Colleague: 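Here it is, the structure, as structure tokens.
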Amino acid sequence: MVDPDTPTTSFIHQIVRADIADGKNAGTVVTRFPPEPNGYLHIGHAKSMCLNFGIAHDFGGSCFLRFDDTNPDKENREYVRAIQTDVRWLGFDYTGHLTHASDYFDQLYVWAVELIDHGKAYVCSLSAEEIRATRGTLTKPGESSPYRDRNVTENLDLFARMRSGEFTDGAHVLRAKIDMAAPNINLRDPTLYRIRHQSHQHTGDLWCIYPMYDFTHPLSDAIEGVTHSLCTLEFEDHRPLYDWILENVSVPCRPRQIEFSRLSLDHTVMSKRLLTTLVDAGHVSGWDDPRMPTLSGMRRRGYTPSSIRTFCNRVGITKKDQRIELSALENCIREDLERIAPRRLGVLRPLKIVVENYPEDQSEEFTVPNHPGDSTMGTRTLAFCREIWIDESDFMEHPPAKFFRLAPGREVRLRYAYYITCSRVIKDNSGRVTELRCHYDPDSRGGGTADGRKVKGTLHWVSARHALDAEIRLYNPLFSVADPRAETDFDFHDFLNNESLVTLGKTKVEAAMEQHSTGECFQLERLGYFCVDPDSATDRLVLNRTVALRDSRPKTHT
RNA sequence: UGGGGGAUCGUCCAACGGUAGGACUGCGGACUCUGACUCCGCCAAUACAGGUUCGAAUCCUGUUCCCCCAGCCA
């Protein structure tokens, strides 16, 4: 599924279009989305998915979901499962195109042997430290390994014994024989295989040697007939190695690697290492914490798949470093929810109002629309009685200019109900306002009067007698600075926002929300968009605020 | 100081030798039973210096700044 407004003008689209025009790959287009199952997918992965599945869709090709699972140390099945869930949730169908790099281990081994046979790879018995020490630096060439000129027979024998489990981890590696003096460090005899006596999430204990990314990736692409291998900028330096592998192994086709810039979002981090740390250290409740930029976190927060796709398409594909403002993302989800979210009334920080001229034993109901702009969404019933709750922030004893809400002597409208005027303010010993006394105008039933007088302020409210208790969780950015990693002496602890989660335990929402199901979304009028958190139960309602409504008020009131 | 990339409104994207345009943000205004939505308007950019050309964001030369690379991670 791809949005109708998907841009088809990125530089990658232009390259693909040109390749097709040139008759390359017999006019076919095959891409792949290759996550490593070592963590959950995040919004940056969504950008990659939209690109890869999008290109395949736009040119009538196909896109593989391929697990890049060559490092058993870090990968596990929970991640594999979560990734599949997230890809499908985002709206991409990989039926018949689900693969693993580890599916190709046999073929990869054969190709490694082919390299050895041709004198293009050798078994190196240096330790990891020794290899590092002889690699040279950015400005100094490396030195050849003493094992560089091992003969083919010996290499073949050693490599076979590596596979059979004869050696301990780290005893040997297989290296490509390229150029220890190459200015590109990736070409200084890169490691192709390492020994890991470690069981693998997909292949179990079949292997004790595992191929490296640089060897595996181009070959997996070739096996799958990938025509355009799209990856992020940090792999640009690896392209010569990618091409070297394809040129020196008898592959069925020649994929082309093209790089684009990765996505950075203000006030969060996108590196899996950091996200893993946040989870492991308990700074968040898990990978699906609504503050996380992960797809599972955003889903729980209330983001819709289409809002995320729209965002990715809007952000575009270039080679320029991107740093996107949060407002761009928030705008996308507001746009979506504005259309589809049923309206409800709820109160975050309840302040009691007693409507003194409304009879104690009376109550009544109003039938109100679920969406003022979309009558097909139906209606619901709102109950009213003598005691109601409004939000604390909707009253000020000494209001500044342009405060349209309640104040002593002021008349406001209770949404869909009545006009009320504040007649008395009741405070506790500390001077805090604890209750308001008001009177209502019976002629304003439904929210308007025959005299047509203007009432500027309209407040959300709930009937105290009928309201439901709820817990509402408000979210703010995880980090207090836009780009925590740009800070000198970066230690993310210094920039964690300790107000990223604000839990309001005593909120009141209208009775219509008694029936709820996880993930359901609403707009609480004037407050924002909310969704039902999985922590809810039949007798407990927990709401996450997905995003607040835009606020064009002159000053900052909350 | 090696190699690989990148520089267009505050942010993101477009313009592919011919009027620098759009989105987000910000600021005004209209409308409004959500200070929402919607609508209208405004502010705001070609890193710098030369050159080629009738004409340059685009081509050439030089400079500056930013990002990535020294895993048996991906």
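This one's a predicted model, so the numbers in the text were calculated from it and none came from an experiment. Quick note on labels: first sequence line is chain A, next is B, and so on, each numbered from 1.
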Colleague: Atom OH of A:Y147 and atom P of B:C72: how far apart are they, to the nearest Å?
Modeller: 16 Å
Colleague: Using whole Å, what does the distance between atom C1' of nucleotide B:G6 and atom CG of A:L233 come to?
Modeller: 8 Å
Colleague: Using the C1' atom on both, measure B:U52 against B:C68 and round to a whole Å.
Modeller: 34 Å
Colleague: Let me see the working for A:W461 and A:F384 under ring-ring contact (aromatic ring centres under 6.0 Å, His included), right down to the final yes or no.
Modeller: CA-CA 9 Å; A:W461 57 277; A:F384 185 85; 5.5 Å; yes
Colleague: Can you check whether A:K320 has a side-chain N or O nearer than 4.0 Å to OP1 or OP2 of B:U8?
Modeller: yes
Colleague: Any donor-acceptor pair under 3.5 Å between the side chain of A:E325 and the base of B:G10?
Modeller: yes
Colleague: Could you tell me how far apart A:I333 (CD1) and B:C24 (C1') are, to the nearest whole angstrom?
Modeller: 16 Å
Colleague: Just the rounded figure in Å: distance from P of B:C72 to CG of A:N186.
Modeller: 10 Å
Colleague: Which whole number of Å gives the distance between the C1' atom of B:C48 and that of B:C43?
Modeller: 25 Å
Colleague: Report yes if a donor N or O on one partner sits less than 3.5 Å from an acceptor N or O on the other, where the partners are the side chain of A:H238 and the base of B:A74; otherwise report no.
Modeller: yes
Colleague: How is A:K74 classified with respect to the nucleic acid when contacts are heavy atoms under 4.0 Å: base, sugar-phosphate, or nothing?
Modeller: base
Colleague: Starting at the 5' end of RNA chain B, what dot-bracket string do you get if Watson-Crick and G-U pairs under 3.5 Å are bracketed, crossing pairs use [ ], other-strand pairs use | and unpaired bases use dots?
Modeller: .((((((..((((....[..)))).(((((.......)))))....(((((..]....))))))))))).....
Colleague: Determine whether the aromatic ring centres of residues A:F215 and A:Y193 are separated by less than 6.0 angstrom.
Modeller: yes
Colleague: Tell whether A:R405 reaches the base of B:G35 with its side chain through a donor-acceptor pair below 3.5 angstrom.
Modeller: yes
Colleague: Give the rounded distance in Å between these two atoms: CZ of A:R339 and P of B:U38.
Modeller: 12 Å
Colleague: Should A:F33 and A:R66 count as side-chain neighbours, where that means a heavy-atom distance under 4.5 Å?
Modeller: no
Colleague: ring-ring contact (aromatic ring centres under 6.0 Å, His included) for A:Y242 and A:F235? Distances and angles first, verdict last.
Modeller: CA-CA 10 Å; A:Y242 182 97; A:F235 292 102; 9.9 Å; no
Colleague: From CG of A:D394 over to C1' of B:U34, roughly how many Å is that when rounded to an integer?
Modeller: 11 Å
Colleague: So, do A:H267 and A:V481 sit near enough that their side-chain heavy atoms are less than 4.5 Å apart?
Modeller: no
Colleague: Taking atom types as modelled, is there a side-chain donor on A:H238 or A:D214 under 3.5 Å from an acceptor on the other?
Modeller: yes
Colleague: Assign B:G71 to syn or anti; the rule is syn for a glycosidic angle within 90° of 0 and anti otherwise.
Modeller: syn
Colleague: Would you mind reading off the distance between A:L41 atom CG and B:A74 atom C1', rounded to a whole angstrom?
Modeller: 14 Å
Colleague: Please report, rounded to the nearest Å, how far the P atom of B:C69 is from the CG atom of A:N184.
Modeller: 13 Å
Colleague: State whether A:F167 and A:R161 meet the cation-pi test: NZ (Lys) or CZ (Arg) under 6.0 Å from the six-membered ring centroid, and within 45° of the perpendicular axis.
Modeller: no
Colleague: Say you pick atom P in B:C72 and the same atom in B:U63; how far apart are they, in whole Å?
Modeller: 35 Å
